[in-house]
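First up is the structure itself, then whatever we jot down about it.
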Number of protein chains: 2
Amino acid sequence: MYTISDIARLTGISAYTLRYYEKIGVLPDPTRQEGRKNGIRRYSDQDLRFIRFIHGLKQTGMKLEEIAAFVQEGCLLADDYPVMHVDETLKKRIEILDEHLEHLEKQMQQLEAVRNFTLEKRAFYVNLQAQRGPIK
Amino acid sequence: MYTISDIARLTGISAYTLRYYEKIGVLPDPTRQEGRKNGIRRYSDQDLRFIRFIHGLKQTGMKLEEIAAFVQEGCLLADDYPVMHVDETLKKRIEILDEHLEHLEKQMQQLEAVRNFTLEKRAFYVNLQAQRGPIK
DNA sequence: CCTTGACTTCGAGTTTACTCTAACACTTAC
DNA sequence: GTAAGTGTTAGAGTAAACTCGAAGTCAAGG
């Protein structure tokens, strides 16, 4: 089990930000030491993996608001939520992920395009350099 | 030749933003109609391509400040800048591009990782759905 | 016992990147 | 000639995502 500063160290997200994310629903409430209300946050390996996943979504352009929507669906899912709505919740989560997958595809394409363009530019400059002959 | 609103339409960057970019050095000063000082900005196809390239750098995570540094190197290059410094300028531009290329590689890897993770998550939810049996 | 690190709420400050308005000038097309 | 589109400077406003400090509490370790 990890503390909040462990998680901060392991993920590169500050403790301030982790609490902030929790407050705005971007991260689910972690379990607390001894289940007390204001006990120390205890994160499992699974929690760590989840936080890294969320961080990945964020770093690939998903807005905090969108992430929060996704996470909230999952929180409903985890509890003894009325069975009738579980299918809805699963459907929504899948939809959100599908949308992000599309976004990821677009980003990959753009990244590829920018990379090619950048390589071209680079080659152009290198060529200019070569034309000027070796530098003494 | 294009006007600023043509460029806005063609790139999706507002005229406000284009002028702003120009002011902070993210875009080079374009030529003006009849070479007058405050004449209408005239953009060539080459300018358009360059703006798209810059926009690509921005959209793949280069900060405006970094882009400005890159562009400023280029502006020096374009003028009758002391020949002794041209090699320096070329070297710097190539360095900046190389750094961004590294950044692009990292982003691609992360995108790939997040994509895989997202696909896994998606599969997990689909599996849950399947286990609950077909929905009436 | 006392330091350290965790917890809370609340709210202010920062950074980045726009986004727009005001107020005024100029040119071109209808 | 007047409207549309362009130009200028300066500055205010906005939004997202932090980032931090204050002020107070609590619990464990040396």
Side-chain angles (χ1 to χ4, degrees), chain A residues 1-44 47-48 51-52 54-72 100 103, chain B residues 1-44 47-48 51-72 100 103 107:
Chain A
M1 297 297 256
Y2 309 100
T3 66
I4 198 164
S5 52
D6 291 333
I7 297 294
R9 192 171 27 77
L10 291 166
T11 61
I13 308 170
S14 79
Y16 286 132
T17 305
L18 287 167
R19 293 198 196 96
Y20 170 67
Y21 280 179
E22 205 180 301
K23 195 164 71 182
I24 66 173
V26 158
L27 290 177
D29 295 351
T31 57
R32 302 296 183 120
Q33 203 175 25
E34 296 165 42
R36 243 188 280 85
K37 196 190 162 209
N38 284 0
I40 291 178
R41 289 168 178 81
R42 289 301 186 185
Y43 301 89
S44 65
D47 290 336
L48 175 57
I51 291 169
R52 283 186 165 142
I54 292 300
H55 196 209
L57 292 180
K58 203 249 145 184
Q59 295 212 309
T60 54
M62 198 185 277
K63 285 186 179 176
L64 295 186
E65 209 180 323
E66 296 169 323
I67 298 176
F70 173 78
V71 171
Q72 290 324 297
H100 193 58
H103 175 76
Chain B
M1 295 299 255
Y2 308 100
T3 66
I4 197 165
S5 52
D6 291 333
I7 297 293
R9 192 170 29 75
L10 291 168
T11 62
I13 308 170
S14 78
Y16 287 135
T17 305
L18 287 167
R19 292 197 197 96
Y20 170 65
Y21 281 178
E22 205 179 302
K23 195 164 71 181
I24 65 174
V26 159
L27 290 178
D29 296 351
T31 56
R32 303 295 182 124
Q33 203 177 26
E34 296 166 39
R36 244 189 278 85
K37 196 191 161 208
N38 285 358
I40 291 179
R41 289 167 178 82
R42 289 301 185 184
Y43 301 89
S44 66
D47 290 337
L48 175 57
I51 292 170
R52 283 188 164 140
F53 171 56
I54 292 300
H55 196 209
L57 293 181
K58 204 249 146 185
Q59 295 212 308
T60 55
M62 197 185 278
K63 286 185 180 178
L64 295 185
E65 209 179 322
E66 296 169 321
I67 298 175
F70 173 79
V71 171
Q72 290 324 297
H100 193 59
H103 174 76
Q107 267 198 284

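For clarity, every value in this text was computed on a predicted model and none was experimentally measured. Letters A, B, ... mirror the listed sequences (proteins, then strands); counts begin at 1.
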Task: OP1 or OP2 of C:dT8 under 4.0 Å from side-chain N/O of A:R32 - done: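 For C:dT8, OP1 or OP2 has a side-chain N or O of A:R32 closer than 4.0 Å.
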
- [ ] Indicate whether OP1 or OP2 belonging to D:dC18 is found under 4.0 Å from a side-chain N or O atom of A:Y21.
- [x]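 Yes, within the criterion.
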
Separation of [X] atom [atom1] from [N] atom [atom2], in whole Å?
X	N	atom1	atom2	result
B:R19	D:dT6	CZ	P	7 Å
B:Y43	D:dT6	OH	C1'	11 Å
B:L27	C:dC18	CG	P	11 Å
B:I7	D:dG5	CD1	P	17 Å
B:Y20	D:dG11	OH	C1'	14 Å
A:Q33	D:dA28	CD	P	7 Å
A:I40	C:dT4	CD1	P	16 Å
B:E65	C:dT14	CD	P	17 Å

Task: Steps toward side-chain contact (heavy atoms from CB on, under 4.5 Å) verdict (B:R32, B:I40) - done: CA-CA 5 Å; B:R32 303 295 182 124; B:I40 291 179; over 6 Å; no

Heavy atoms only, 4.0 Å cut-off, all strands: where does [X] land among base, sugar-phosphate and nothing?
X	result
B:I4	sugar-phosphate
A:K58	sugar-phosphate
B:S5	sugar-phosphate

Task: Per A:T3 side chain, nearest of listed nucleotides C:dA6, D:dC18, C:dA17 - done: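 Ranking C:dA6, D:dC18, C:dA17 by closest atom to the A:T3 side chain puts C:dA6 first.
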
Task: Nucleotide nearest B:Y16 (side chain, heavy atoms from C-beta), chosen from C:dT8, C:dC20, C:dC18 - done: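 When the side chain of B:Y16 is considered, C:dC20 is the closest of C:dT8, C:dC20, C:dC18.
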
TODO: Please tell me which of A:G39 and A:K23 maps to the more 5' nucleotide of DNA chain C, matching each residue to the nucleotide holding its nearest heavy atom.
DONE: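 Its nearest nucleotide lies further toward 5', so the answer is A:G39.
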
Task: First encountered from the 5' end of DNA chain C, between B:K63 and A:R41 - done: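 Final value for this comparison: A:R41.
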
Open item on the list: Does B:E65, at its CD atom, have more than 12 non-hydrogen atoms belonging to other residues, nucleotides or ligands within less than 6.0 Å?
Closed with: no

- [ ] For side chain to side chain donor-acceptor pair (under 3.5 Å), just list the numbers for A:H100 and A:T60, CA-CA rounded to whole Å, side-chain angles, deciding distance to a tenth of an Å, and then say yes or no.
- [x] CA-CA 9 Å; A:H100 193 58; A:T60 54; 3.1 Å; yes

Open item on the list: For the OG1 atom of B:T11 and the CD1 atom of B:I54, what is their distance to the nearest 0.5 Å?
Closed with: 12.5 Å

Open item on the list: Just verifying a value: how many Å separate A:L48 CG and A:I51 CD1, rounded to the nearest 0.5 Å?
Closed with: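 Reported to 0.5 Å precision, the distance equals 6.5 Å.
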
